[in-house]
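Just so it is clear: chains get the letters A, B, ... in the order the sequence lines come, proteins before strands, and each one is counted from 1.
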Amino acid sequence: MADDILEGLNPAQREAVVNYDSPSLIIAGAGSGKTRVLTSRIAYMIREGVAPHNILALTFTNKAAAEMRERITAMVGEGSRYIRMGTFHSVFSRILRENAELIGFPQSFTIYEPNDTKSLLKTIVRERNLSDDRYKPGVLASRISFAKNSLITPGAYIANATLAADDRRAQIPEFGEIYAEYCRRCRQNGSMDFDDLLLQTNILLRDCPDVLERYQRLFRYILVDEYQDTNYAQYVIIRRLSQLHSNLCVVGDDAQSIYSFRGAKIENILSFRRDYPDAKVFKLEQNYRSTQTIVDAANSVIEHNSRRMEKECFSKGERGERIHVMKAYTDREEAEMVVTDLRDRIRSNGDQWSEAAVLYRTNNQSLVIEEALRRKGIPYRIYKGNSFYEHKEIKDLLAYIRLIVNPRDDEAFKRIINTPSRGIGDTTVERIENAARDRGIPMWDAAEAIVTTPDTEKDSVMRAVSRKIGEFVGMIRTLSLERETKGLYDFGMDVASRSGLIASYRTQNTPEATSALDNIEELLNSMQQFNEQCEAEIRSGEREEFERAGIEEWLQNVMLMTDMDKNEEDGGNKVTLMTVHSAKGLEYKYVYIVGCEENLFPSLRAMESVEGLEEERRLFYVALTRAKTFATLSCAEMRFKWGNMEFSRPSRFLSEINPIYVDADFNLKPGRGAGTRDTNGESAIESLRRRYDVRYAQKRSETAGSGNGSAERQNTYVPKSVPQMPQQPQMRPSLRKLDDSTAQAGASGTTAPAAASGCPYSVGDRVEHARFGRGTIRSIEPLATDHKLMVVFDGSGEKTLLARFAKLTKL
DNA sequence: CGGCCCCGCGTTTTT
DNA sequence: CGCGGGGCCG
């Protein structure tokens with residue numbers, strides 16, 4: 001019956017698919033068809049009569065989940081919708097929402113993003129009169145994250161002497177108290193941070209046996225992808241849920257564990273057999289992705305790690321070309337070399353740009369590569385796994401919705417009370433904050449209280465402030481009512497416009513403002529799309545009528561979404577640039593790994609410990625195994641760091657590759673690099689720099705034609721391309737087109753050479769300023785109620801002034 | 001109150 | 001070097 005599912009699988013894969021009725025560990029080497037096995041196993045189970053809703057499949061990205069669901073649907077049809085499949089965070093945020101009240105959270109809890117966490121921590125530190133450069137929000141946040149991922153609650157933390165000693169040594173003795181206060185405030189605000197989604201799930205499953213049992217019965221079969229990247233909190237959740245049936249299947253590759261910095265425990269996969277003694281182990285060792293050379297080379301590097309699970313990865317593909325290693329003088333020249341090589345190979349093989357990727361260790365390395373690609377006119381895209389909400393406009397809009405959904409969300413309140421600016425300043429906000437704290441109520445309630453206090457009890461200033469707050473409160477109340485009556489999209493549109501966000505971006509006519517409007521539009525589109533999906537689910541009976549497209553649910557999904565989860569408008573025939581971490585799970589015919597240098601890859605900080613270094617090596621392994629046919633590694637002798645040139649030496653990983661697989665254009669084992677050439681450091685730097693500058697200037701004039709080089713740094717601003725949300729079928733007017741008149745006015749205003757109406761000055765006027773002396777007006781830009789003047793002063797140079805304030809006298 | 005300027009900081013990687 | 005936060009001026 002299920003023969004078609006098994007067709008084309010190799011014996012090891014087939015075994016891993018068929019033996020679904022016992023705990024299983026599937027060790028899946030890079031490129032070994034892991035996703036295929038996982039999806040086939042699920043499809044096979046369904047064919048064998050397992051009910052889809054009894055299956056829980058957990059992944060690390062939404063994208064992976066969507067992809068898997070699609071492939072399963074192709075095999076077994078629409079039944080796949082009933083599989084509970086998604087990221088840990090999204091699956092458990094839904095479970096938490098259904099049970100929030102049991103653990104003392106409101107059903108409409110909102111999710112704090114890392115900035116909210118930091119902002120709240122800052123408030124707490126300030127309230128306790130602690131020094132904020134000793135108690136840095138970032139440090140506190142990561143320590144809290146560590147505690148939560150290790151399932152250490154504040155009470156347990158404070159009781160733990162070892163942790164207390166750590167904190168004293170780190171000069172933050174009060175950390176435990178801050179952690180406790182932070183948790184108290186989150187609860188008070190009805191909000192959870194990312195890590196809470198795992199921690200609170202654990203608390204729920206621990207404290208509510210009936211809930212635990214319900215989910216244990218529901219999720220008869222549990223599958224976990226990328227098991228090597230699970231942290232302790234995730235591990236315990238999985239253990240709890242799988243206790244009853246023990247039908248747990250984990251898939252992973254210890255050699256690709258690269259997330260320990262955020263709490264992932266490689267031990268989870270290494271000790272699976274101890275946790276589940278009757279587990280069956282399947283090894284997928286045949287690599288279908290890469291050439292033999294690439295697989296063998298990657299193996300030869302990873303052998304330098306001590307802690308490994310024994311497996312023999314091999315490829316039966318072509319032997320392929322050797323791995324090309326090149327060295328440049330500087331990072332810029334490295335970029336130049338890489339891009340030239342890339343272009344030539346792609347051209348001579350007649351391939352697409354999209355078949356090539358440039359991988360780097362840290363995001364800031366992308367800059368030089370971008371410049372080189374732009375110089376050669378090669379299209380590229382940067383694949384940055386930013387969270388969607390990292391765009392300010394999205395964060396603002398989401399904060400409005402958060403406050404409407406959950407008025408106790410103080411961080412949302414603080415974010416939007418004066419955004420866009422409506423004349424409510426810091427003093428007022430602080431007053432509200434204090435009032436709220438004194439009375440132990442949310443800031444929203446405190447604001448309402450101010451508004452309802454009779455005017456007779458206020459002085460004139462207070463009355464004015466109170467009126468402004470009143471307008472804000474009124475607006476939020478109106479929007480709350482609309483939430484009940486309107487559809488999701490219309491409601492979102494109303495929030496965006498009534499809040500004044502759209503208007504404020506329309507008045508600016510900058511590329512940033514335009515992109516902000518586009519992003520808002522995308523966000524609204526995603527509401528529409530979510531709505532349609534819910535309607536479909538109601539029609540199919542999967543969702544109850546009363547559960548109609550809930551804004552809370554949408555909000556939680558959006559908070560857990562990253563740019564990478566969105567459909568890239570694949571259309572692009574473009575070279576891909578990204579970090580090695582982001583590249584996990586992807587493959588390209590041509591892969592370039594740049595910056596293969598000591599202290600960069602492996603990174604300086606990682607080398608402090610053996611485990612750190614081994615993780616870097618796994619990262620290098622991941623990078624190398626992304627390549628299907630051609631792998632090219634590069635390094636530079638010197639590189640810009642913090643504005644300075646610094647020497648570097650080729651990465652140890654380069655010489656760890658068995659040399660028979662390498663084709664290097666320099667000696668990989670010189671022992672000493674440029675950095676140790678120690679006649680006198682100063683002049684060595686100078687001579688290299690001179691050499692570099694000459695070479696570079698030559699190249700530049702070759703390629704730029706007219707350029708004298710100085711223009712090259714200008715005009716490099718390219719609006720960040722924001723990956724598109726899935727396209728909407730219906731046509732909807734673009735936000736920025738809704739009101740072209742405003743935009744037009746702005747556009748003509750900025751370029752108008754003569755005086756704008758109402759401005760007492762014109763371009764070319766000679767003027768005098770009390771401090772800057774005499775000068776000439778260079779340009780005038782009209783603002784809402786004023787004019788921005790650009791004046792070149794004879795003595796003090798160019799200044800930008802506001803006509804109303806500048807007190808200029810015409811000469 | 002809001003915009004501008006200066007200073008200090010940081011760089012791993014992110015669900 | 002680029003950015004965000006804090007302080008000061010218009």
- request: Return the value, rounded to whole Å, for the distance between atom CD of A:E371 and atom C1' of C:dC1.
  value: 12 Å
message: If the condition is ring pair (Phe, Tyr, Trp, His ring centres under 6.0 Å), which residues does A:F88 pass it with, not counting sequence neighbours?
response: A:F60
A:T579 side-chain N/O to B:dT14 phosphate OP1/OP2 under 4.0 Å: yes
query: Within the stacking criterion (centroid distance below 5.5 Å, interplanar angle below 30°), does A:F640 stack on C:dC1?
result: no
Considering only distance and modelled atom types, tabulate donor-acceptor pairs under 3.5 Å from the side chains of residues 427-434 of chain A, sequence neighbours left out.
unit_1, atom_1, unit_2, atom_2, d
A:E433, OE2, A:K414, NZ, 3.1
A:N434, OD1, A:R437, NH2, 3.0
A:N434, ND2, A:E430, O, 3.4

query: Counting any heavy atom closer than 4.0 Å, what does A:N363 reach on the DNA or RNA strands: base, sugar-phosphate only, or nothing?
result: sugar-phosphate
- request: Select from A:E615 and A:T427 the residue whose nearest nucleotide in DNA chain B is closer to the 5' end of that strand.
  value: A:T427
Contacts of type ring pair (Phe, Tyr, Trp, His ring centres under 6.0 Å), residue A:F146, not counting sequence neighbours: none
- prompt: Mind checking whether A:F601 and A:F653 have parallel, tilted or perpendicular rings, split at 30° and 60°?
  reply: perpendicular
message: Measuring to OP1 and OP2 of B:dG2, would you say a side-chain N or O of A:S421 lies under 4.0 angstrom away?
response: yes
field: Touch class at under 4.0 angstrom, heavy-atom based, for A:I424 against every strand present
entry: sugar-phosphate
Atom pairs under 3.5 Å, N or O on each side, protein against nucleotides 3-8 of chain C: can you list them with distances?
none

message: By the 4.0 Å heavy-atom rule, please label A:S90 as base, sugar-phosphate, or nothing.
response: nothing
field: Distance in angstrom units between A:D229 CG and B:dT14 P, rounded
entry: 13 Å
message: Categorize A:D193 for me: base, sugar-phosphate, or nothing, with a 4.0 angstrom heavy-atom threshold over every strand shown.
response: nothing
Non-neighbouring partners of A:Y259 that pass ring pair (Phe, Tyr, Trp, His ring centres under 6.0 Å), sequence neighbours left out: A:F261, A:H581
statement: Applying salt bridge (Lys or Arg N to Asp or Glu O under 4.0 Å) to A:E614 and not counting sequence neighbours gives none
